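Heads up: the structure comes next, in structure tokens.
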Amino acid sequence: MKGMAWSTTSKGSPIMSSNRKSISWIAVSVGVLAVFLIYASWGLVSYPLGSAVHSHFYGVDSTANIGVSESSKNEDSKDAQPSSDLDSPTVSSDQSSDSRIEQTDTNSNSQEGSSEPTSEQSQVNKEGNEIEARDRAGSDSQESSTSFDGSKDAANSGLPSKYDSQVDLVSTATLPVAGNDTSDVTSSDKNEEPASVDLTNQSGASSADTANPECDLYHGNWIHDPSGPLYRNDTCPVITQMQNCQANGRPDKDYENWRWKPSQCDLPRFDPKKFLELMRGKTLAFIGDSVARNQMESLLCILWQVEVPKNRGNRNMQRYYFRSASVMIARMWSSWLVKHYPEPFGYAEAGVDKLHLDAPDDKLMEFLPMFDVVVLSSGHWFAKKSVYILNNEIVGGQLWSPPKEYQKKMKINSIQAYGISVETILTSILAHPNYTGLTIVRSYSPDHYEGGAWNTGGSCTGKEKPLGPGELVENEFTNVMHEQQINGFKRTIEKVTNASRLKLMDITEVFQYRHDGHPGPYRSTDPNKITKRGPDGRPPPQDCLHWCMPGPVDTWNELVLEIIRREYEGSSAS
């Protein structure tokens with residue numbers, strides 16, 4: 001071709017000398033691009049970038065379920081069996097406070113996805129329902145003692161909270177954050193270097209400034225406090241829907257504006273920063289029934305206002321980690337706090353829970369060394385169908401009768417069994433060789449079914465303010481259960497040498513005045529729910545055992561904070 005210069009190789013092959021350089025650069029460019037794409041692809045799917053992207057779009061930490069070994073998972077899966085009587089739609093008419101009303105909640109709570117408060121709560125409740133459904137399909141007494149409540153929440157003369165949200169997913173998009181962490185926390189959470197966050201008391205007064213260390217906290221009065229609660233129902237995504245009274249349509253809210261005033265001093269308003277500083281590097285665990293869950297959620301809601309925690313829950317327990325002070329808040333389900341299982345024992349058939357009143361809950365004891373402060377809650381499950389065993393001999397039962405030839409051996413009723421269980425668990429905890437923490441026994445939580453039990457016309461509908469001095473109507477059953485618990489506590493104190501590690505938080509009488517603090521009929525998001533008595537005077541289905549959030553239950557955690565302050569700062573604190 002004209003104008004084109006050709007050259008010839010030694011073999012005489014003509015090539016374009018001007019293209020040799022171009023071909024070489026193209027090859028190099030393609031190689032560089034290939035290497036870049038390979039490394040970029042690897043980076044996009046690897047942790048932490050992939051996890052961070054997932055978290056950003058979904059508000060979910062994909063590594064939340066840590067700290068449980070494969071063997072533990074296999075054990076839990078192997079143990080899980082269908083529940084016996086707790087989920088049965090046909091329940092004895094004299095069974096107190098659980099399964100029958102649980103069944104009525106199923107339809108109303110299936111609408112939780114339309115809850116009004118926040119997008120965070122909608123996400124939380126949806127996930128909670130999915131977890132609850134999975135747990136319910138494979139839950140026996142052992143599973144319930146160590147895992148999610150599922151369908152096993154129960155009460156003595158109230159109804160259970162079946163739809164425990166079991167929050168494992170939290171979106172932090174609209175909530176206040178202080179020192180929030182987006183990275184994963186390993187099982188050595190306590191040893192991690194915490195974020196540098198100032199946790200000094202910024203409220204102007206510390207707990208020590210206003211509370212006499214020697215003050216009796218459990219005698220006083222409820223006083224009106226217009227400053228309102230420590231959080232709102234729409235600023236905390238972990239509230240179980242059945243305790244979210246405002247979202248469920250409760251028309252009044254003055255029940256949120258009362259504070260407990262001890263006669264000899266002031267109980268300080270809960271200071272989240274003070275709490276996190278006192279608990280720095282420690283774990284607090286709520287162990288027990290659905291009322292323990294109620295209290296745990298209250299504490300989380302209060303702390304949530306200053307820092308959004310990271311969910312570290314696993315199959316054995318719920319755990320929330322506050323990175324600013326390396327504080328973990330945990331909850332373990334243990335319905336009776338003592339060893340129990342549904343398998344046959346002697347002449348007691350399968351399917352009925354067998355309670356070894358002289359042996360502690362195995363899982364509780366296994367995980368106990370992880371905790372620095374333990375808050376115990378029990379009592380209401382002793383109204384459940386069960387068999388009582390002492391020294392490997394059947395000695396009694398509740399809603400269960402032995403064959404006629406063994407009936408003379410039945411020596412222990414449910415109230416006595418409760419007292420024995422209290423002594424057993426407290427003695428076992430204090431004798432544990434690897435646990436040196438503080439144990440707080442929260443006394444029996446009163447219900448307020450007036451005019452009958454939960455299934456015989458009992459009601460707390462329309463209660464809008466606390467009872468005043470002289471207005472208290474004694475609840476005989478609450479009183480005897482409280483007495484048994486106190487006696488079990490005292491027997492423990494008499495026979496241990498380290499009783500200083502055991503504290504009684506005696507809220508029973510204090511909270512008998514708070515008949516206004518329960519959800520009552522406002523335990524469901526159903527817009528068509530019945531909230532008033534019918535033409536025949538029959539009250540609507542309601543919860544007069546658990547506590548609205550926010551509400552009186554928040555005072556329990558103010559008391560917990562004061563007990564912890566006295567323990568860690570000493571009685572000489574000014």
Side-chain angles (χ1 to χ4, degrees), residues 67-84 86 135 138-150 152-154 187 283 285-290 292-293 313-319 330-346 348 350-372 374-382 384 386-395 417-418 420-437 439 441 488 492 496 502:
V68 58
S69 66
E70 285 302 317
S71 61
S72 297
K73 291 180 182 178
N74 293 336
E75 270 183 30
D76 290 333
S77 175
K78 186 166 52 178
D79 290 340
Q81 297 177 0
S83 172
S84 55
L86 301 184
D135 290 340
S139 60
D140 63 359
S141 59
Q142 175 68 14
E143 179 74 9
S144 290
S145 70
T146 60
S147 185
F148 296 138
D149 293 4
K152 294 267 189 167
D153 277 340
S187 57
T283 295
F286 295 94
I287 303 178
D289 52 22
S290 61
R293 184 260 307 149
N314 56 45
R315 188 173 179 82
N316 290 300
M317 72 185 78
Q318 288 180 286
R319 299 192 307 163
R331 180 176 74 95
M332 281 190 67
W333 172 260
S334 182
S335 44
W336 286 282
L337 301 180
V338 294
K339 182 177 180 179
H340 60 280
Y341 51 82
E343 287 77 24
F345 182 91
V352 181
D353 281 296
K354 319 301 183 303
L355 274 61
H356 284 261
L357 298 175
D358 49 3
D361 185 322
D362 294 332
K363 282 291 185 180
L364 189 164
M365 299 304 288
E366 176 186 347
F367 287 97
L368 189 63
M370 293 173 56
F371 310 135
D372 301 286
V374 166
V375 181
L376 298 177
S377 171
S378 67
H380 296 286
W381 271 63
F382 280 86
K384 299 285 290 182
S386 50
V387 174
Y388 304 139
I389 300 169
L390 275 175
N391 298 317
N392 283 322
E393 180 185 356
I394 297 176
V395 293
Y418 177 45
I420 296 170
S421 76
V422 170
E423 182 180 358
T424 293
I425 190 59
L426 295 183
T427 303
S428 300
I429 286 175
L430 293 178
H432 197 295
N434 298 318
Y435 173 70
T436 58
T439 302
V441 181
T492 302
V496 300
L502 187 60

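These figures come from a predicted structure and were not determined experimentally.
For the pair Met365 and Pro369, the tightest heavy-atom approach, listed with the atom from each and the gap, is O-CD, 3.7 Å. The shortest heavy-atom contact between Ala330 and Thr283 is CB-CG2, 4.4 Å. Taking both residues in full, the closest heavy atoms of Ser377 and Asp289 are given as OG-OD1, 2.7 Å, listed atom of the first, atom of the second, then distance. Heavy-atom minimum distance, Ala292 versus Phe286: O-CB, 4.0 Å.
The distance from atom CD1 of Ile389 to atom OH of Tyr341, rounded to the nearest 0.5 Å, is 4.5 Å. How far CG of Asp372 is from OH of Tyr435: 8.0 Å, rounded to the nearest 0.5 Å. Distance check, rounded to the nearest 0.5 Å: CG of Leu355 to CG of Leu390 gives 10.5 Å. Atom OG1 of Thr492 and atom CG of Leu502 lie 7.0 Å apart (nearest 0.5 Å). From Tyr418, atom OH reaches atom CG of Leu337 across 8.0 Å, with rounding to the nearest 0.5 Å. Arg293 contributes atom CZ, which lies 6.5 Å from atom CZ of Arg331 (distance to the nearest 0.5 angstrom).
Side-chain contact between Leu426 and Leu376: present, with at least one pair of heavy atoms (C-beta onward) separated by less than 4.5 Å. Put simply, the side chain of Asp361 does not reach to within 4.5 Å of the side chain of Ile287, judged on heavy atoms. Residues Ser334 and Lys363 form no side-chain contact, since every pair of their non-hydrogen atoms from C-beta on lies 4.5 Å or further apart. Residues Lys339 and Asp358 are not in side-chain contact: their nearest non-hydrogen atoms beyond the backbone lie 4.5 Å or more apart. By the 4.5 Å heavy-atom criterion applied to side chains, Ile425 and Leu364 are counted as neighbours. Contact check for Ser386 versus His340: no side-chain heavy atoms found under the 4.5 Å cut-off.
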Next item on the list: With side-chain contact (heavy atoms from CB on, under 4.5 Å) as the test, would you mind laying out the steps for Met332 and Asn316 before giving the verdict?
Entry: CA-CA 7 Å; Met332 281 190 67; Asn316 290 300; 5.7 Å; no

Notebook entry, point to check: For His356 and Phe345, what are the C-alpha separation, side-chain angles and deciding distance, and is it a ring-ring contact (aromatic ring centres under 6.0 Å, His included)?
Noted result: CA-CA 11 Å; His356 284 261; Phe345 182 91; 5.7 Å; yes

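Side-chain N or O atoms of Thr424 include one that pairs as donor or acceptor with a backbone N or O of Leu357 at under 3.5 Å.
Aromatic ring pairs are classed by plane angle as parallel below 30°, tilted from 30° to 60° and perpendicular above 60°; the pair Trp336 and Phe382 is perpendicular.
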